[in-house]
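Single-structure report; data block below.
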Amino acid sequence: MSESWSRIEKFWLVEALEQVERHGYFEDNEALGCLARDASLLEASDEELIVRRALELSVRDPRASKLRTNIGHLATSARRVLIVCILVSLLAGMSAASAIFGAGSSINVMTAWIALVGINLLSLMLTVSMVLAVPGQMQFSLPGAWLWLLGRVGRKYNAPLLLRSLGTLVARTGKIGAFLTNVSHILWIAITAGAIAGCLWFFLFRQYAFVWETTILSKGFFVAFTDLVGRIPCTVELFGPCPSASDVADLADSDETRKAWSRWLLGSIIVYGLLPRMAALFASLWSSRRSIGKLSVDFTNPYYFLLAKRIRERISSGDEIVDPDPGNVTPTGSSPSSGACDLPRRVLGAIVPFEVRNLPDIDATSFKSPVSLLKNVQTYAGQQHALQLLSTAPVSNLLFIADAGVSADRGVFRFLRQVRERTTNLKVALLGQDDARKDKLENWVDGLEEMGIAHQDVFSQLEPALDWLSNQEGVSS
């Protein structure tokens, strides 16, 4: 069971991270660096890489760590809420027996059988039929009550998000009905056990006359029904003989007849209520266990496809320096003239376009001070190359050009943070705002604000941004 829970927890965490990153991002540079240092992951599948990233984030990122902790808390709360629901179900079964046997000294056998056996049996037949027919579109009242209580109890553990992510994960297996029927069967077993306990209590300490009543049905119907229902229970030695046909027809009220009726009713509850539910529960648990093995990452979701691509690019590129430091090497060429050292060095400006579609032509020679125009960054390797250039030749003024129509994920803002660390004066030109989708534009604006980039440092048009860069002082003291 621990292995099954470990698998559920890992994929549950992956799905929860995806739900959170729909509206934000996690800083995963350190986690991806750890993956890049593990040579064994070069042969790993995309799914393994995504799961490993989630686990690394849960160790290094406080928010991801809290999500994983909350998953454990919610699982514990689920077990506790289920125990409470089982106790309530036991009381409900006892109450059902009390409603039937506490009203008087005579019991209508048809009413008692339908209330204590028939409803349970009908519910089981409907549940099994629905699981087989439309397992992904089922609605359960008892599991629904359990989930509702769990959502209330686990609110402080971010239950709505975690339950939503778990539901999405389980639904992909096509066996969400099997998972929910586990709870349904457990609660129905508790109700049935409560009903059996209630019946035993009343049969032990009260005496009843068993009757049937009708206006339009014949005696033969009740005789046939009693015989049909009692065939299986009455063949079991534990229950003993059931009422005879003459006793049923004549409504006999002898001591032996009353005992025979009580055995018939208790046997029916056990054989048609308790045992089928237990068999259905075992089958449902077996199906659920098989479904756990089918838990997977949904690569039809672009989020996972792009995430796997980004992780693999990071692993493939690596971050280590391959060539060792050669130390103090004596130059072999001609020494530079002394006059060259006396010239003031210019501090270059830089333009870094990031995944800009239809990037306008920019003439780097038109600026008052020398400006370095980098290639449009499209990949992780391109990011590393740009950062290397900026580290080699630091700049005071940098213009970061972005496309508002491109999704702003955590990788974008991580790269932008690294760029900002390599300059003293950063401005952002966020182009295409008028044509961008509202949610994508909001992600850009929220992300820039979270980074502390003021609104006045963000240009919506390219020309004013280029004018700003052109007017900056380009000579250092």
Side-chain angles (χ1 to χ4, degrees), residues 18 21-29 32 36 46 49-50 53 299 301-317 319 349-364 371-391 395 397-423 426-453 457-466 468-469:
E18 188 273 339
E21 289 186 302
R22 290 181 182 181
H23 309 288
Y25 63 94
F26 288 94
E27 179 55 62
D28 61 357
N29 190 46
L32 294 187
D46 289 347
L49 293 177
I50 290 174
R53 170 199 178 253
F299 283 103
N301 184 342
Y303 164 84
Y304 290 117
F305 175 79
L306 295 174
L307 178 59
K309 180 181 178 183
R310 187 166 65 86
I311 297 174
R312 197 164 292 283
E313 286 178 352
R314 178 66 177 271
I315 292 177
S316 300
S317 64
D319 288 330
I351 300 175
V352 181
F354 184 85
E355 295 188 7
V356 181
R357 301 168 296 176
N358 303 319
L359 178 65
D361 292 333
I362 300 174
D363 184 6
V371 170
S372 176
L373 174 61
L374 279 66
K375 291 183 179 180
N376 196 5
V377 177
Q378 301 279 354
T379 64
Y380 178 77
Q383 293 181 26
Q384 295 304 303
H385 179 67
L387 293 174
Q388 184 179 5
L389 291 176
L390 293 174
S391 299
V395 297
N397 307 298
L398 190 143
L399 177 63
F400 187 89
I401 305 177
D403 189 336
V406 174
S407 297
D409 59 12
R410 67 217 165 285
V412 175
F413 294 112
R414 184 191 64 248
F415 175 57
L416 185 52
R417 284 191 182 91
Q418 294 171 327
V419 169
R420 184 171 61 177
E421 292 171 356
R422 290 160 172 80
T423 186
L426 173 71
K427 302 288 185 180
V428 176
L430 187 58
L431 308 182
Q433 297 186 25
D434 294 337
D435 299 326
R437 274 173 30 193
K438 182 179 179 181
D439 58 332
K440 290 187 176 183
L441 180 58
E442 288 177 351
N443 285 343
W444 272 107
V445 173
D446 293 342
L448 293 173
E449 287 181 356
E450 186 175 336
M451 283 185 60
I453 298 177
D457 292 336
V458 180
F459 297 95
S460 60
Q461 302 295 328
L462 183 59
E463 289 301 324
L466 295 178
W468 165 82
L469 185 61

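Just so it is clear, the structure is predicted and the values come from calculations on it, not from any experiment. We're numbering straight along the sequence, starting at 1.
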message = Within the 4.5 Å heavy-atom criterion, are Leu307 and Arg53 side-chain neighbours or not?
response = yes
remark   = Heavy-atom nearest pair, Pro353 first then Leu373, reads CG-CD1, 4.4 Å
task = Mind listing the closest non-hydrogen atom pair of Ser407 and Val412 along with its distance?
result = O-CG2, 3.9 Å
query = What do the steps show when you test Leu399 against Val371 for side chain to side chain contact (heavy atoms under 4.5 Å, CB included), and what is the final call?
reply = CA-CA 10 Å; Leu399 177 63; Val371 170; over 6 Å; no
Between CG on residue Leu430 and CG on residue Leu462, distance to nearest 0.5 Å = 12.0 Å
inquiry  = Which heavy atom of Ala386 sits nearest to which heavy atom of Leu374, and what is that distance?
reply    = CB-CD2, 3.6 Å
key: Exceeds 12 heavy-atom contacts within 6.0 angstrom, atom CD of Glu442   = yes
ask   = So how far is it from Thr379 OG1 to Glu313 CD, rounded to the nearest 0.5 Å?
value = 5.5 Å
query = What's the spacing between Lys309 NZ and Leu49 CG if we round to 0.5 Å?
reply = 15.0 Å
task = Name all residues meeting the side-chain hydrogen bond (donor to acceptor under 3.5 Å, both in side chains) criterion together with Asp403; count only those two or more places apart in sequence or in a different chain, and write none if there are none.
result = Arg357
Partner residues of Asp46 under the side-chain hydrogen bond (donor to acceptor under 3.5 Å, both in side chains) criterion, sequence neighbours left out = Arg312
key: Separation between CD of Gln378 and CD of Gln383, rounded to the nearest 0.5 Å   = 10.5 Å
task = Please tell me if the side chains of Arg310 and Leu32 come closer than 4.5 Å, counting only heavy atoms from C-beta onward.
result = yes
ask   = If every non-hydrogen atom of Ala350 is compared with every non-hydrogen atom of Leu390, which pair is closest and at what distance?
value = CB-CD2, 4.2 Å
task = To the nearest 0.5 angstrom, please state how far the CD1 atom of Ile351 sits from the CG atom of Leu359.
result = 9.0 Å
inquiry  = Consider ring-ring contact (aromatic ring centres under 6.0 Å, His included). Of Phe413, Phe415, Trp444, which one does Phe354 pass it with?
reply    = Phe415
Shortest non-hydrogen contact between Ala429 and Ala465, atoms and distance = CB-CB, 4.0 Å
ask   = So, for Met451 and Arg420, which heavy atoms are closest and what is the spacing to 0.1 Å?
value = O-NH1, 2.7 Å
task = Quick one: do Asp28 and Arg314 satisfy side chain to side chain contact (heavy atoms under 4.5 Å, CB included)? Show the steps, please.
result = CA-CA 11 Å; Asp28 61 357; Arg314 178 66 177 271; over 6 Å; no
key: Glu27 vs Arg417, side chain to side chain contact (heavy atoms under 4.5 Å, CB included): CA-CA, chis, key distance, verdict   = CA-CA 10 Å; Glu27 179 55 62; Arg417 284 191 182 91; 3.4 Å; yes
ask   = Taking everything shown except Phe305 itself, do over 12 heavy atoms lie less than 6.0 Å from its CZ?
value = no
ask   = If you round to the nearest 0.5 Å, how far is CG of Leu466 from CD of Gln461?
value = 11.0 Å
query = Parallel, tilted or perpendicular for Trp468 and Phe459, by the 30°/60° rule?
reply = tilted
query = Which residue pairs pass the side chain to side chain donor-acceptor pair (under 3.5 Å) test with at least one member in residues 427-441, sequence neighbours excluded?
reply = Lys427-Asp457, Arg437-Asp439
task = Evaluate side chain to side chain contact (heavy atoms under 4.5 Å, CB included) for Leu416 paired with Ile453, printing each intermediate quantity in order.
result = CA-CA 11 Å; Leu416 185 52; Ile453 298 177; 4.0 Å; yes
